[in-house]
Amino acid sequence: MHHNRRWHHLETPEQVALAAYQHILDAAERAIADHGTFKLVLAGGSTPEKVYRLLADTDADWANWVIYYGDERCLPANHADRNSLMATEVFLNKVAIPEAQIFTIPAELGPEQAAKQYRPIVASALPFDMVLLGMGEDGHTASLFPGHVHVKEELTHAVYNSPKPPPERVSISAEALSCTHELIFLITGANKQDAVRSWRSDEDLPVATIVPKNPVDIYIDSDACKP
Ligand code: 6PG
């Protein structure tokens, strides 16, 4: 079977973050040179957080970056477990991206309302320039979980019964996440080994439903890909 994936093997999570960071900056320069903006979808998780910390110390063309989120937890807007709070504190508050260019998912409104309000925002953003994603140990990505059924054509989904708390979330759909020029997966930690193996053997996991036209770049540390 044809694999549209490029695996970048690195030793540590820090090296994964650094490689992804450099890739993101290059992608931003290319996008801005090509069409004036860089539309970037952020992910939650501890590996992306390392990337955001590196970005926060960088001098980039921030005025032309536009920020979206792949998923969000339905919690109050300033809750410590919101992906948006993490990204804001470690990255967005420290760089000069105009506030009007940061599109947070209004997940405090609940899954249904928030997914509905975020849909036209995604619609007008597509195609994204770059999407960042992590992967959970069950092979979930964004808030697309194994066994969950969604309307495929929707750009965003209301998510209930997440196996990982909180149970209510909002996620950009696999189809919309795949509508991007570039896409990076950040995968670190020994608890990912089984899911990585399943993914490589083409099992039916949420990560495997993310299939952009261009190859995806997977940055992975040595703990996550031990045999
Ligand atoms: C969630 C988390 C989580 C995270 C992955 C990978 O959906 O509750 O955001 O799924 O993205 O577990 O995270 P790490 O980079 O921390 O391994």
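Order of appearance sets the numbers: ligands from 1, and atoms from 1 within every ligand. The first residue in the sequence is number 1, and the count goes up from there.
Salt-bridge check for D202 with R5: passed, with a basic side-chain N closer than 4.0 Å to an acidic carboxylate O. At a threshold of 4.0 Å, the pair R30-E182 counts as salt-bridged, since one of the basic side-chain nitrogens sits closer than that to a carboxylate oxygen.
Between Y52 and F91, the ring-plane angle classifies as parallel under the 30° and 60° cut-offs. The aromatic rings of H8 and Y219 sit parallel, their planes meeting at an angle under 30°, below the 60° perpendicular limit. Relative ring orientation between H148 and H150 is described as perpendicular, the plane-to-plane angle rising above 60° on a 0-90° scale split at 30° and 60°.
In terms of N/O distances under 3.5 Å, ligand 1 is approached by K164. Looking at S143 next to ligand 1, no N or O pair under 3.5 Å apart turns up. Checked against a 3.5 angstrom limit, the closest N/O atoms of R169 and ligand 1 fall inside it.
Of the listed residues (Q113, R82, H79, R73), just one forms a side-chain hydrogen bond (donor to acceptor under 3.5 Å, both in side chains) with E108, and that residue is R82. Here the options are T47, D221, T12, the test is side-chain hydrogen bond (donor to acceptor under 3.5 Å, both in side chains), and the partner is T188; only T47 passes.
Which parts of ligand 1 touch H140 is read off a 4.0 Å heavy-atom cut-off, strictly below it: atoms 1 (C), 3 (C), 7 (O), 10 (O). Near G44, meaning under 4.0 Å from one of its heavy atoms, ligand 1 places the atoms 11 (O). Proximity to P48 (heavy-atom distance under 4.0 Å) selects the following atoms of ligand 1: 15 (O). Close approach to G136 involves these atoms of ligand 1, each under 4.0 Å from a residue heavy atom: 5 (C), 12 (O).
Among all protein heavy atoms, the one lying closest to atom 17 (O) of ligand 1 is K192 NZ, 2.6 Å. Scanning the protein heavy atoms around atom 5 (C) of ligand 1, the nearest turns out to be M135 O, 3.7 Å. Scanning the protein heavy atoms around atom 15 (O) of ligand 1, the nearest turns out to be T47 OG1, 2.7 Å. With respect to atom 13 (O) of ligand 1, the closest heavy atom belonging to the protein is G45 CA, 3.9 Å. The protein heavy-atom contact nearest to atom 9 (O) of ligand 1 is R73 NH2, 3.6 Å.
When all heavy atoms of A107 and A114 are compared, the pair lying nearest together is CA-CB, 3.7 Å.
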